[in-house]
Amino acid sequence: MKQDHIFYRIVNGMIRLLLAGAVFLLFLHSIYSTSFVGKLILEDGSEQERTLNIADSPLRHLLAFFLLTVALLAGRKLWHVFSGRKNGNTGVDSGKAQAGRSNLVFWGLTLLTVILAASYVGMTQLTPGSDPAKVYSVAMQWRQGDFSAFEEDAYLFRYPFQSGIVLFFYLLSFIFGEGNFVGIQLVNVVFLVVIYGLLVKLSGLFGVAATEGTEGFEKKRTGLQTAVYLGLLVWVPLAFYVTYLYGILPGMALSLGAVYFAQRYLALRRLRYVAAASLCMGLATVIKMNCLIYLIAIACFLVYDAISLFFFSGEKRWKEAVTSLAFIVCMGLGTALCTGVSNAVVERIADQELPEGEAMLSWVVMGMQEAPLGPGGYNGYIGNVFAENHYDQKLAAQASLEELQKIITRMLEYPVDEGIPFLARKTAFQWNDPTFICLDRTRGRKSVTHMPEWLKDVIYGRGGVRLSVALNYMQTWILLGMLLYLFLRWRRGTLFELMGAVVFLGGYLFHLFWESSASYTIPYFVLLIPYAVCGLAEWAAFLEKAAERLRRAGDSGMEEKGSVLTGLREKPCRVLTAAAVLVFCLLVLAFTRTNLFHRTLALNDDLQGIDASAQFYQTGINVP
């Protein structure tokens, strides 16, 4: 089925524009400011953690991107030379030989990932802290026959949806032994490897023209996939989370499995992929409820697929269209079935029914309030409203709805003074920390082994500063690479390859209103890396072609220049596009001169009398 009908162009354009808008705002945040977890000194002399913002330099970011571009062009030149010598000496390799080398590189990088991540776990052996400590301690209480977590006002009484991850740790403790948190961290290493592998496999779609038939998973850009894997290895924040026992990595791995099998179904139309995706999705939501965002994203593409097959395929392929819709039903049933089985097992182990728990709407209210750590962060509201309404979920939901209406009304009444600045600061709080608080989630936790000094320096000292600075530039490259991907592959890319990007968009919109934390958004940000690598590759190829055109124009003289001008007159769309881009850039430049810009995107707490820059760069601070 050819994807060139009007419905395809509308949907493809809308998704790319929505993605471009969200990514562009994050890009502006990245080049004009940097967020990190710092400290405030309160009036009583005590310290309080707070996400702070310091001014950044757009010129330095653009210079760094220029140097990256030079490196990319030099790398492509060397690759062309190497490939030319190889082909000249031995002839063009067969597809089978290329696939063999690709598999060898893939498994080599996979082994390297296992070694590095497992070594990090072994060198740190950090005990669980914060919320993971609560979840893990409940699982170990179960091993001792203690189910007090279900009692009124206890952990699982408030958060029964966490029973899935508690059950997971409880079952793993029978394999690794009671209290062996290091063994579970090594399981996280496996999930990290699965995440990297699936992202690499999915990036193979970027090299094909359609997802129809076997071509979508046969014709792969092996060089791009290797670059994606290297990009994932270099961008280290997600790897730090292997010691963080909170369901982030297993939930993401299983959800990506559902995306992978959905893509396989769309390419090959095999029913076994429906069953595999439904199982992955069900298990993912048991461990992490936020994984429902993946389900919704997959469902959107399946609905589009059904509409395209029935109305725009030439011959109405109603059976395949119905199967795509049935796919959605199967994922819903898989989620309900896995959740039901998990709840039944928990109730059997604890010999009591699961409580209703706190009202989900209260998380939205909390996400729209100020908090000690940052806008929309945890501030205790969900627990307070639950207790104030005598642990009645319905009454708590009603009280939360009334509070939410007040917040929305006030934001709509004062959008410039309160609404927009709050959402902008909240976005910076959860998306603009280049480390995605991976170091903060590591600091302060007890290690049961002797940690190497160089690793201590990375976590606590100047090494962490250098890492944060490097990740700050990498964050800009990822966001800019994503923008380049969206526009340079607007026509040549396929709609279905955007599935992972739509998951990111869903996470962006969801956490715009839900409780905020950079540890919640990192699973969505990492989805941009394959697209960013592809976008940077397209950028380098675009510059090479542009340089070649200029060279040819110079060789052919005025005749060629005249033909170029004629081509521009024959294609006024290109001129209009260039004019639109110029106008947009001028509008953005004008906006950077406004007070609203400095209260939303160019955030700088140094202007508020806080030593934010000194804390970020650790100047004048004694560190271990």
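Since we're looking at a predicted model, the values are computed, not measured. For reference, positions follow the sequence shown, starting with 1.
Using a 4.5 Å cut-off on side-chain heavy atoms (C-beta onward), M289 and M360 make contact. Using a 4.5 Å heavy-atom cutoff, the side chains of Q475 and W235 are not in contact. Contact of the L254 side chain with the M281 side chain is not registered, since no non-hydrogen atoms from C-beta on lie closer than 4.5 Å. Contact check for F591 versus T600: side-chain heavy atoms found under the 4.5 Å cut-off. For the pair F525/L479, a side-chain contact is recorded, criterion being any heavy-atom separation below 4.5 Å from C-beta on. At a threshold of 4.5 Å between non-hydrogen side-chain atoms, the residues E544 and L73 count as touching. A 4.5 Å side-chain heavy-atom check between Y260 and R264 finds at least one atom pair inside the cut-off. L325 places none of its side-chain heavy atoms less than 4.5 Å from the side chain of L302.
Between the side chain of Q369 and the main chain of Y378, no donor-acceptor pair closer than 3.5 Å is present. Between the side chain of K545 and the backbone N or O of A540 there is no donor-acceptor pair closer than 3.5 Å. Between the side chain of T51 and the backbone N or O of L373, at least one donor-acceptor pair lies under 3.5 Å. Formation of a donor-acceptor pair under 3.5 Å by the R441 side chain with backbone atoms of Y241 is not found in this model. In terms of modelled atom types and a separation under 3.5 Å, the side chain of T521 and the main chain of A518 share a donor-acceptor contact. H5 places a side-chain N or O within donor-acceptor distance of the main-chain N or O of Y8, the cut-off being under 3.5 Å. Judged by distance alone, with hydrogens and angles left aside, the side-chain atoms of Q430 form a donor-acceptor pair with the main-chain N or O of H511 at under 3.5 Å. Side chain of S516 to backbone of P375: a donor-acceptor contact under 3.5 angstrom is found.
Of all non-hydrogen atoms in A532 and W477, the two that sit nearest each other are CB-O, 4.5 Å. What you find for K288 and G251 is that their closest heavy atoms are CB-CA, 4.5 Å. Nearest approach of V526 to P523, heavy atoms of both residues: CG1-O, 3.3 Å. Minimum interatomic distance between R599 and P421 (heavy atoms only, all atoms of both residues): NH1-CG, 3.4 Å. For the pair V200 and Q225, the tightest heavy-atom approach, listed with the atom from each and the gap, is O-NE2, 3.1 Å. Nearest heavy-atom pair, V503 versus A297, reported as atom, atom and distance to 0.1 Å: CG2-CB, 3.6 Å.
The OG atom of S35 lies 8.5 Å from the CG atom of D605; values are rounded to the nearest 0.5 Å. Atom CE in M331 sits 4.5 Å away from atom CG in L295 (nearest 0.5 Å). The structure places CE of M499 at 12.5 Å from CG of L527, a figure rounded to the nearest 0.5 Å. Atoms CE and CZ, from M482 and F487 in turn, are 10.0 Å apart once rounded to the nearest 0.5 Å. In this structure, CD on Q263 lies 11.0 Å from CG on L256, to the nearest 0.5 angstrom. Here the CE atom belonging to M411 is positioned 15.0 Å from the NZ atom belonging to K406, to the nearest 0.5 angstrom.
No close placement of the Y524 and F510 rings is indicated, their centers lying 6.0 Å or farther apart. Ring centroid separation for the pair F312 and F7 comes in under the 6.0 Å cut-off. Taking the six-membered ring for Trp, W431 and F504 have ring centres closer than 6.0 Å.
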Go through the steps for Y196 and V228 under the test side-chain contact (heavy atoms from CB on, under 4.5 Å), then give the verdict. CA-CA 9 Å; Y196 286 177; V228 169; over 6 Å; no

Applying side-chain contact (heavy atoms from CB on, under 4.5 Å), run through D56 and I31 and close with a yes or a no. CA-CA 6 Å; D56 215 332; I31 64 175; over 6 Å; no

From CA spacing to verdict: side-chain contact (heavy atoms from CB on, under 4.5 Å), L68, F65: CA-CA 5 Å; L68 175 66; F65 180 71; 4.2 Å; yes

Apply side-chain contact (heavy atoms from CB on, under 4.5 Å) to residues V274 and S278 and explain how you reach the verdict. CA-CA 6 Å; V274 176; S278 300; 4.3 Å; yes

Let's go through Y265 and S324 carefully: what are the C-alpha distance in whole Å and the side-chain angles of both, what is the deciding distance for side chain to side chain donor-acceptor pair (under 3.5 Å) to 0.1 Å, and is it a yes or a no? CA-CA 9 Å; Y265 163 77; S324 291; 3.2 Å; yes

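Scanning for side-chain hydrogen bond (donor to acceptor under 3.5 Å, both in side chains) contacts around S33 gives N432, with sequence neighbours left out. Residues satisfying the salt bridge (charged side-chain N to carboxylate O under 4.0 Å, His left out) criterion with E548, sequence neighbours excluded, are R551, R552. With sequence neighbours left out, Q608 forms a side-chain hydrogen bond (donor to acceptor under 3.5 Å, both in side chains) with no residue at all. Applying the side-chain hydrogen bond (donor to acceptor under 3.5 Å, both in side chains) criterion to T335, with sequence neighbours excluded, gives no partner residue. Here S613 pairs with D606 under the side-chain hydrogen bond (donor to acceptor under 3.5 Å, both in side chains) rule; sequence neighbours left out.
Checking E497 against Y485 by side-chain atom types alone, a donor-acceptor pair falls below 3.5 Å. Side-chain contact of H61 with T476: a donor-acceptor pair under 3.5 Å is present, judged by distance alone. In this model, no donor atom of one side chain and acceptor atom of the other lie less than 3.5 Å apart for N53 and N604. No side-chain N or O of Y246 forms a donor-acceptor pair with one of S130 less than 3.5 Å apart.
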Show which side-chain atoms of residues 11-27 pair as donor or acceptor with protein atoms under 3.5 Å away, not counting sequence neighbours.
{"unit_1": "N12", "atom_1": "OD1", "unit_2": "R16", "atom_2": "NE", "d": "2.9"}
{"unit_1": "N12", "atom_1": "ND2", "unit_2": "W490", "atom_2": "O", "d": "3.3"}
{"unit_1": "R16", "atom_1": "NH1", "unit_2": "L486", "atom_2": "O", "d": "3.0"}
{"unit_1": "R16", "atom_1": "NH2", "unit_2": "R489", "atom_2": "O", "d": "3.2"}

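Using a 4.0 Å cut-off between charged nitrogen and carboxylate oxygen, E370 and R425 count as a salt-bridge pair.
Remark: of the listed residues Y381, F161, Y520, F161 is the sole one forming a ring-ring contact (aromatic ring centres under 6.0 Å, His included) with W363.
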